[in-house]
S.K.: 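Handing you this structure, nothing more for now.
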Amino acid sequence: HQFSYHRRRLCLTDFPCCFDRLKAALTQRFCHSKMLAAQPPPIQVPGAFNGIHPSQPALKQPEGPERHASGSRLSKWPAACLAVGFVAAKHRRKVRLPALAALPTTTVRPTVDLSPKLQSFLETVETGGSSGSSFAPGKGGNVSLEGIARAEAVWERLRTRALEHNRGEFLERPPEVVKRLKLLVPMASQFFDVVVCGGTLGILVARALQNQGFAVCIVERGVVQGRDQEWNVSWEELRPLVRHGIVSQAELDGSVQSSWPTSRVGFESSHHGVEFRAGALNAGISPQKLVEAARRRFEEAGGTIIERTSLQEMEIYDDGVFMRLQDREAIGARLVVDAMGAGSPIVQQARNGAPPDAACLVVGTMASGYPKEANVDGDYLYSASAKGSLGHQGFWEAFPSDNGGVDGTERTTYYFTYVLPGEENLPSIPDVFDEYVEALPGYQQCSLEKLRVKRALCASFVAFRDSPLQTPFDRILQVGDAAGIQSPLSFGGFGALCRHLPRLESAISEALRHDLLSSEYLSQINPYFPNLAMQWSMYRSIAKPPEGEPEFVNRMMGGILSAAERCGPNVMMPILQDVFTLSALGPTLASWMARDPLIIPLFVKSMGTENVLSAIGHLGNLAKYTALSSLEPLLAAALDVEDLVPAERFRWHRRFDAWRYGSGLDYESHK
């Protein structure tokens, strides 16, 4: 086969070679089938796994004449192979091959063992399906019992790979979807300035770039739509969406389904219990309505959306990217924006298949039947007990769904825990779901029998310590979770993308206008941020606390957040929104350690020497970035940055961005 780039079609140019390969393939199939025919039938052991799901009927083995008849049919394969070969050799360009019959296939659905209590709880979904089949499965979305099995299969692969990596075992490299060719990009039926892969959150970046005058296309494996659920956010995080023309204020207000004045922050402990209220994460936004509004504006402005197709391969040329899509014509672009999350095949190739360094296992439901009088506000973060039965600290988040719904009893509750993927004996997603069901009545002071589940979710959200990801590829840039700009403490991908949206819009636009699309320049858009790196230092203390200290995590987290609350809202609010600034972190740590000095050696022990030294370095860089960012106006004027050549000006603009966002000083302008 030879691919013709100019005609965009497959041309069969060597029929003899094709038939030689066909003869070899058919002969191989004949030999394999003959060998199978000569084997005795497998022994079916009652109750044993015989290659089929236990709930499926066993396949009846052929006996007697039927079995010999099958062998007789196999004996005709050599003649068929030779006949095809000879005819092909004699009539090379006249033979049309008949289609070979497809071998029978069976679809094996993933299964998982659930406790009777959990299965009974999930079967209370109001549509009444016995297996929750009405749920729309998907990561972070509604799940059926089968969806839980799929989520567990994903988590099992992740933790197995991480465990093999920690043991020094060989890891198979991920498929190569990106290739670099030193040629000019082939002609494509459609060519864009930007193609955004991944449309749920990618639609926000696509709209921002479209507003800058670029031709933008979105490629989505499914459909560009948000899920029928609510994302818990702070009002301040949503403002860039209006300021940068992603949606209008009216559309944003219509997307916010619930809000409440303050959320509870609480950690139960025998000696260090903490509880206070703060105006953070006090709104619930519908991704379905938000994405619908952004999509409508995107298409009205001439944007292109290609749905129900997946990326097969990308070829990077000197002047563009050629993208092959499944069952669609290839398209071209000057720049590809990867918004497909941490599981993106491009990210996997860029990271050489390295396993994640952090994982957050999340389960939860939206249900009706909660006490109406208590369903008036939310929990920002709450931990009701010491380490659970799984050996990991569990946390809660809750809020009234759609302001409580029609009867005021609808509420969303999430339960999650942090783990290090490479550790032994990690909990499974069904394990976490079981713990959720056991603890939910005590946490919400409700009866499990009175709750009716409307939506459920479960997922394993992962993050990489080496973040943000600096792209190794020309003409490809990661954004959002694919870039790793989210906090490893909250995994708040939506809030992080909204916060970084102004920076991404200006940086990508400048790169496109001046054709600065090599990895040398694009990698500067995702630089080192010391305040993000500081959060990684704290992550290990939560995921792997010291042995023999079951209350350590609650004591540490409660101490830090209550110290921030004592320092006032100017210190507390940035920290609660995952923005570590020197002016907020310094007073918080000083107040915390002064109030509970005995926790310092435990904290150092939990972090480990390497993490402690790393944290000290990041703290020093946080101070340096804060000083440099405050000097930005003076430096810009002294260096006459705006009059520099485009490449040098781009570098300085990216330095200014790194200093401002890496020090957290963007929070003030964001607010």
Side-chain angles (χ1 to χ4, degrees), residues 262-281 358 360 378-388 391-397 416-420 443 487-492 531-609 611-612 614-616 618-619 622 664:
T262 59
S263 296
R264 179 175 63 160
V265 180
F267 298 88
E268 295 184 8
S269 175
S270 57
H271 301 292
H272 303 275
V274 170
E275 184 171 320
F276 63 92
R277 309 195 74 83
L281 292 186
C360 181
D379 284 348
Y380 168 89
L381 187 65
Y382 197 84
S383 182
S385 62
K387 285 197 301 184
H392 294 269
Q393 185 67 53
F395 300 93
W396 292 93
E397 184 180 319
F416 54 96
T417 188
Y418 301 101
V419 297
L420 298 172
Y443 166 57
S487 164
L489 301 180
S490 70
F491 288 81
N531 53 1
L532 179 63
M534 281 284 296
Q535 298 182 44
W536 275 102
S537 301
M538 186 179 294
Y539 180 87
R540 182 179 174 85
S541 299
I542 302 173
K544 193 176 182 181
E547 293 290 337
E549 296 289 339
E551 293 190 351
F552 170 79
V553 175
N554 278 6
R555 179 180 175 184
M556 177 190 69
M557 294 286 290
I560 292 174
L561 294 180
S562 63
E565 190 264 342
R566 289 193 300 271
C567 294
N570 290 337
V571 169
M572 176 183 66
M573 291 306 295
I575 290 179
L576 291 182
Q577 295 182 46
D578 300 325
V579 183
F580 281 17
T581 65
L582 191 64
S583 60
L585 202 58
T588 297
L589 293 178
S591 176
W592 170 50
M593 293 179 180
R595 180 69 66 94
D596 188 12
L598 295 180
I599 200 174
I600 298 176
L602 292 176
F603 185 57
V604 172
K605 180 182 178 181
S606 67
M607 289 178 65
T609 305
N611 271 321
V612 169
S614 177
I616 293 173
H618 297 318
L619 185 61
L622 182 64

S.K.: Apply side chain to side chain contact (heavy atoms under 4.5 Å, CB included) to the pair Thr588 and Ile560, showing each step before the final yes or no.
M.R.: CA-CA 7 Å; Thr588 297; Ile560 292 174; 3.9 Å; yes
S.K.: Is the shortest heavy-atom distance from the side chain of Asp379 to the side chain of Tyr443 under 4.5 Å?
M.R.: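 With C-beta onward as the side chain, the pair touches.
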S.K.: Using 30° and 60° as the class limits, which term best fits the ring planes of Trp536 and Tyr539: parallel, tilted or perpendicular?
M.R.: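 If you compare the ring of Trp536 with that of Tyr539, the planes turn out tilted.
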S.K.: Could you measure the distance from the CZ atom of Phe552 to the NZ atom of Lys544? Nearest 0.5 Å is fine.
M.R.: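 If we round to the nearest 0.5 Å, Phe552:CZ and Lys544:NZ are 13.5 Å apart.
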S.K.: Please determine whether side chain to side chain contact (heavy atoms under 4.5 Å, CB included) holds for the pair Met557 and Gln393, giving the CA-CA distance in whole Å, both sets of side-chain angles, and the decisive distance to 0.1 Å.
M.R.: CA-CA 11 Å; Met557 294 286 290; Gln393 185 67 53; over 6 Å; no
S.K.: How far apart are the closest heavy atoms of Met534 and Ala615, and which atoms are they?
M.R.: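 Here Met534 and Ala615 meet closest at SD-O, 3.4 Å.
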S.K.: Kindly assign one of parallel, tilted or perpendicular to the pair Phe395 and Phe267, based on the angle between their ring planes and the thresholds 30° and 60°.
M.R.: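 Correct class here is perpendicular.
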S.K.: Output the distance between atom CD (Glu551) and atom CD (Glu268), rounded to the nearest 0.5 Å.
M.R.: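 These two atoms lie 10.0 Å from each other.
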S.K.: Measure the OH-OG distance between Tyr382 and Ser263 for me, rounded to the nearest 0.5 Å.
M.R.: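 Between atom OH of Tyr382 and atom OG of Ser263 there are 14.0 Å.
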S.K.: What are the two closest non-hydrogen atoms of Gly664 and Asn531, and how far apart are they?
M.R.: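 Looking at all heavy atoms of both residues, the closest pair is N-ND2, 3.3 Å.
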S.K.: Please determine whether side chain to side chain contact (heavy atoms under 4.5 Å, CB included) holds for the pair Val265 and Glu565, giving the CA-CA distance in whole Å, both sets of side-chain angles, and the decisive distance to 0.1 Å.
M.R.: CA-CA 10 Å; Val265 180; Glu565 190 264 342; over 6 Å; no
S.K.: Looking at every heavy atom in both Met572 and Ala278, which two are closest together, and how far apart are they?
M.R.: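 Residues Met572 and Ala278, closest heavy atoms: CE-CB, 3.8 Å.
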S.K.: Passes side chain to side chain contact (heavy atoms under 4.5 Å, CB included), Arg555 versus Leu598? Steps please.
M.R.: CA-CA 11 Å; Arg555 179 180 175 184; Leu598 295 180; 3.7 Å; yes
S.K.: Report the distance from atom CG of Leu585 to atom CG of Leu619, rounding to the nearest 0.5 Å.
M.R.: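 Rounded to the nearest 0.5 Å, the CG-CG separation comes out at 6.5 Å.
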S.K.: Please report the shortest heavy-atom distance between Trp592 and Gly559, naming the atom on each side.
M.R.: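 Looking at all heavy atoms of both residues, the shortest contact is CD1-C, 3.4 Å.
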S.K.: Heavy-atom distance under 4.5 Å between the side chains of Val612 and Ser537, does that happen here?
M.R.: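 Not in contact.
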S.K.: Could you state the interatomic distance from CZ (Phe416) to NE2 (His392), rounded to the nearest 0.5 Å?
M.R.: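 Output value for this atom pair is 15.0 Å.
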S.K.: Provide the closest heavy-atom pair for Pro569 versus Pro574 in the form atom of the first, atom of the second, distance.
M.R.: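 For Pro569 versus Pro574, the nearest heavy atoms are O-CD, 4.0 Å.
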S.K.: Out of curiosity, Met556 CE to Leu561 CG, how far, rounded to the nearest 0.5 Å?
M.R.: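 CG of Leu561 is found 9.5 Å from CE of Met556.
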S.K.: Among Ser269, Ser383, Ser562, which one satisfies side-chain contact (heavy atoms from CB on, under 4.5 Å) with Val274?
M.R.: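 Running side-chain contact (heavy atoms from CB on, under 4.5 Å) over Ser269, Ser383, Ser562 with Val274 returns exactly one hit, Ser562.
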S.K.: Could you pull out the closest heavy-atom pair between Val571 and Ser583, with the gap in Å?
M.R.: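 Reported closest heavy-atom pair: CG2-O, 3.9 Å.
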S.K.: Give the intermediate values and the outcome of side-chain hydrogen bond (donor to acceptor under 3.5 Å, both in side chains) for residues Ser490 and Asp578.
M.R.: CA-CA 7 Å; Ser490 70; Asp578 300 325; 2.5 Å; yes
